[in-house]
Amino acid sequence: EILVRIPPADFIHLFVIYIVLVVVRTSLICGSRPLLKFLHAERKEVALADALVMSWGGLRGAVGLALAIQVSIGKADDKLSQDSADKVLFYVGGVALLTLAINATTCPMLVNHLGITQTPEVKLKLMLMINHQLQEMVTEGEHPPPVVRAVGCMLHDMEHRLFVASSRSTLAEGEDRRGSLGHMGIASSIRSTRASMASAASGDSVSVLVADLASARDHYHSIPAVLRESIDKMVGKNPIEDMIDDMVAILRTREVDCKLVRAVNEAFLSLVRAGYWHRIEEGEMTMEEGGPLLESITTALSKPSQDLTDFTHLIPHFEWEETDKPNAAKAGRNLGLSVNWEESLTPFTRGSQFSGTLDQKRRCCSARIIVDSIAFNLLIMVTIIANSAVVFAEDALKDTASANDLAWLLLEILFTVIFSVEFALRLSIERFRYFCDGWNVFDFLLVVVGIVTVTVKLIWDSDGNNQEAQIARSVKVLKILRAMRLVRLIRVWKVIAARIAGHESHLEIAEHMQKFNAMYQFICARMHAQQDILKYFGDHGTANTPELARCILQSQISLYTAKVACLQEEHSLEAWMVAEVHVCHMSIKISTDLEQFIVSARKNGLLSTSEAETLMHSLHAYIQLLEQRIDELRSGRAEFPPFITR
C-alpha cells in the first residue's frame with residue numbers, strides 16, 4: 001500500500017540517497033585511515049583495499065528499518081502526517097533493500113578482485129617448504145618406483161598450484177619461477193622470489209644476536225657443572241647446540257626476509273603452544289603453571305614482531321627477588337662447594353623492572369611482613385564475613401533501614417577503607433605483577449565495587465532522594481557484587497590455615513615448585529618445538545634458511561636463561577624434591593606404556609578380560625599413588641622421599 005502512495009520521483013530520490021550514503025561512508029572510512037592505524041599493534045595503516053571492502057560491505061539497515069517501522073506506526077505521536085511517515089519507511093526500507101540486492105551480492109566479487117582473501121606470499125613460502133619435505137619423504141623412503149612416480153606427480157601438481165597462487169599474490173611471473181625449480185632446489189627458488197620485500201640482515205643486528213647468545217650461554221656455563229648436572233640430566237642433550245656455529249654462519253652470509261621471519265616466528269610459537277597443551281593434557285603441569293606460559297604465547301602472537309618475545313612477556317608472571325636467590329651456603333653444604341650465583345643471576349636482575357631503590361625494597365619488606373602476618377589475614381577474613389553479614393542484614397531490614405542509613409553508610413566506608421588498604425599494601429609489594437593473578441584482579445574489582453557503592457550512597461543522600469528509584473536499582477546491583485566477597489574466604493582461609501598450622505614453609509615451597517616446573521616445561525616445549533620446526537621447514541634436520549636460523553638462535557637464548565631460572569628455583573628447595581617429581585612423572589609414563597602392552601595382549605587373545613583387568617588394577621593403583629605424591633610435592637606438603645634416597 002505504501003508503494004502505491006509513493007510518487008515516482010521518490011524512487012529517483014531513493015537511488016540518489018543510496019549513492020550519497022555510499023560516498024559518505026567511503027569518504028569517512030578512507031579519510032580515517034591515518035587514525036585507524038593507531039588501533040593496530042604495529043601502527044600499520046589500514047590498506048586501501050580493506051577500507052573499500054569495509055565501505056562497500058558495511059551498509060546495514062536492520063536498526064534503521066525497525067525505527068522506521070515504529071515511526072510509520074506511531075507517526076511521532078501524530079506529529080507527522082501519513083505521507084511523511086510513509087516516506088520515512090520507504091527511504092529507509094529502500095536503502096536496506098538496495099544494500100542487500102547490490103552490496104551483498106557484489107561484495108564477494110569485490111573481495112576476490114582486490115585479492116584480500118588470497119594467501120599471503122610468506123605463508124605460500126612456508127607451504128612450499130612443507131611440500132619440499134613431502135617430496136623428500138617420498139623419494140628417500142623405501143617405496144616401489146611406480147608408487148614414487150604416482151605420489152611425485154601429485155606433489156608436483158600441488159607445488160604448481162602453490163606457485164600459481166604465489167604469482168597471483170605478487171603479480172610476478174609465476175611460470176618463469178616454476179620452471180627454475182628443480183626437485184631438490186626449492187630453497188633457492190624461494191630465496192629468488194624475495195626481491196619485492198627482502199631486506200639484507202644488518203650486520204649490527206646479527207652481531208647483537210650472536211653476542212646475546214654468547215652472553216646467555218656463558219652465564220649458564222659459569223655455573224659449576226655439579227650444579228648444572230641435575231637440570232642437564234632432566235632435559236637431556238639439545239642437538240641444536242651442535243648446530244649453532246653453522247646457523248650463525250648462515251645468518252652472516254645470507255639475506256633475511258623480514259616478513260618470512262615473522263611467519264617462521266609465528267609457526268614456532270604455535271608449536272610451543274601445542275607443546276604446552278600436550279603437557280597439560282598429560283598431567284605434567286597444572287593449568288595454574290601453564291596459564292602464564294599460554295598467556296605469554298597469546299600476547300606474543302597478538303603483537304607481531306621480528307623477535308621471539310614470549311619469554312619477555314612471561315617474566316612478569318614470576319617474582320625473582322633477592323630473597324629468592326639460591327642459598328649458596330645451603331648449596332655448598334649439599335654439594336661440598338661454595339658457589340657465587342650473583343653473575344649467573346644477572347639475566348634476571350640486570351635492567352629488570354622489579355629492581356628498585358633501597359628505600360623501595362625496605363618499604364616492600366615492611367609491607368610484606370604486614371600482609372604475611374596471621375593477624376592481618378585474620379582481620380581480612382573477619383572483615384569479609386562482617387561485610388557480607390551487613391549486606392544481607394541491610395537487605396533484610398530494608399523497611400526499617402531508613403532510620404539507620406547513616407550507620408549502614410559508616411560501616412560500608414569502614415569496610416571499603418580496610419579493603420583499600422589491603423589492596424595498596426599488596427600493590428606496593430607486587431607492583432604490576434599484582435594484576436597477573438586472577439585472584440588479585442578479582443580482589444581489585446571488589447575494591448572498585450566498594451568505592452562505587454559508597455560514592456552512590458553519598459550522592460543519594462546529598463541529592464535528597466530525588467532520584468531514589470534509579471539509585472536504588474544501582475545500589476541493589478552493587479549489593480549483589482559486594483556479597484561476592486565471600487568467595488575470597490577460600491583464598492584467605494588457605495593462607496591462615498597454613499600459618500596457624502605452622503606450615504608457612506609449605507606455601508613457599510609450593511611457590512618455588514610452581515616456578516621450577518613452569519620453567520622446566522618451558523624448556524622442554526621449546527626444545528621439542530626446535531626439532532619440530534626443523535622437521536617441517538628444515539633440510540634433513542638442519543636450518544637451511546637464515547629466517548629459520550634466526551628463530552632457533554633466539555629461542556636458544558631464552559633456553560639458557562630459563563635453565564638458570566630452573567637452577568635458581570631448584571636450589572631454593574630441598575635437593576631431593578625436584579628429582580622426586582621427575583621420577584614420579586617418568587614412572588607414570590612407563591606405567592602407561594605397560595598398560596598399553598597389557599591391552600595389546602588382551603586384544604590378541606593372550607589374556608582374558610578379567611586377567612587383564614587384574615593386572616591393570618595394580619597399575620592404576622600405582623599411578624594414583626604417584627599422582628598423589630606429585631600433588632604433595634607441588635603443594636609443599638611432602639616431607640620425605642619414598643622414591644629418592646637422601
Side-chain angles (χ1 to χ4, degrees), residues 133-134 137-138 140-144 146-148 150-151 230-237 239 270-291 293-294 510 513-514 516-518 520-532 535-536 541 576-646:
Q133 298 295 333
L134 297 176
M137 291 172 60
V138 173
E140 295 178 1
E142 297 180 357
H143 306 295
V147 175
V148 173
V151 178
S230 58
I231 190 67
D232 287 339
K233 285 184 177 179
M234 290 179 64
V235 301
K237 180 175 175 56
S270 298
L271 291 171
V272 174
R273 178 169 55 187
Y276 292 155
W277 279 116
H278 174 73
R279 281 159 177 75
I280 292 174
E281 292 170 356
E282 293 295 322
E284 297 182 18
M285 67 174 172
T286 62
M287 275 302 301
E288 186 177 3
E289 296 166 346
L293 299 176
L294 293 169
M513 287 293 295
Q514 179 179 348
F516 173 85
N517 196 44
Y520 172 69
Q521 300 300 337
F522 173 89
I523 294 170
C524 293
R526 223 167 181 77
M527 289 176 59
H528 282 87
Q530 288 177 340
Q531 298 300 317
D532 288 342
K535 178 179 68 175
Y536 291 121
W576 54 270
M577 289 183 175
V578 173
E580 180 89 351
V581 173
H582 184 63
V583 167
C584 290
H585 279 303
M586 294 301 296
S587 300
I588 290 176
K589 287 183 178 180
I590 294 175
S591 300
T592 303
D593 294 338
L594 296 178
E595 181 181 1
Q596 294 301 318
F597 183 83
I598 296 174
V599 171
S600 175
R602 182 187 64 80
K603 288 182 177 179
N604 292 325
L606 300 178
L607 295 173
S608 65
T609 302
S610 60
E611 293 170 343
E613 289 179 352
T614 300
L615 294 174
M616 287 191 293
H617 177 75
S618 301
L619 280 177
H620 292 164
Y622 186 66
I623 291 174
Q624 185 177 5
L625 175 65
L626 292 171
E627 290 175 345
Q628 292 175 353
R629 181 61 177 171
I630 291 174
D631 290 338
E632 292 177 356
L633 289 164
R634 285 176 173 170
S635 61
R637 293 180 285 109
E639 298 181 355
F640 60 94
F643 302 105
I644 303 294
T645 305
R646 288 184 182 272

For Asn517 against Arg634, the heavy-atom pair lying closest together: ND2-NH2, 3.8 Å
I want to check something: taking the side chain as every heavy atom from C-beta on, are Val599 and Lys603 in contact at a cut-off of under 4.5 Å? yes
Could you pull out the closest heavy-atom pair between Tyr520 and Met234, with the gap in Å? OH-O, 3.5 Å
Smallest heavy-atom separation, Leu633 atom then Met513 atom, equals O-CG, 3.6 Å
Check whether any side-chain heavy atom of Glu632 lies under 4.5 Å from a side-chain heavy atom of Arg629, and answer yes or no. yes
Got a second to check how far Arg602's CZ is from Ser610's OG, nearest 0.5 Å? 11.0 Å
Taking every non-hydrogen atom, the tightest pair across Leu293 and Ala518: CD1-O, 3.7 Å
Just by distance, do the side chain of His528 and the backbone of Cys524 share a donor-acceptor pair under 3.5 Å? yes
Closest approach of Cys584 and Ile630, non-hydrogen atoms and distance? CB-CG1, 3.5 Å
Under the 3.5 angstrom rule, does the side chain of Glu289 hit a backbone N or O of Thr286 as a donor-acceptor pair? yes
Sub-3.5 Å donor-acceptor pair from the side chain of Ser600 to the main-chain atoms of Gln596, do we have one? no
Salt-bridge test for Glu284 and Lys589: reply yes if a basic N is under 4.0 Å from a carboxylate O, no otherwise. yes
In sequence, state the C-alpha distance, the side-chain angles, and the governing distance for Glu613 and Thr609, and then conclude on side chain to side chain contact (heavy atoms under 4.5 Å, CB included). CA-CA 6 Å; Glu613 289 179 352; Thr609 302; 3.6 Å; yes
CZ on Phe516 to CD1 on Ile231, rounded to 0.5 Å: 4.5 Å
Atom pair CZ/OG1 of Phe597 and Thr592 - distance to nearest 0.5 Å: 15.5 Å
Could you measure the distance from the NZ atom of Lys535 to the CD atom of Gln530? Nearest 0.5 Å is fine. 14.0 Å
NZ/NE/NH1/NH2 to OD/OE distance under 4.0 Å, Glu282 and Arg279: no
Gln624 side, atom CD; Ile588 side, atom CD1 - distance, nearest 0.5 Å: 11.0 Å
The reported gap from CG in Leu626 to OG in Ser587 (rounded to nearest 0.5 angstrom) is 5.5 Å
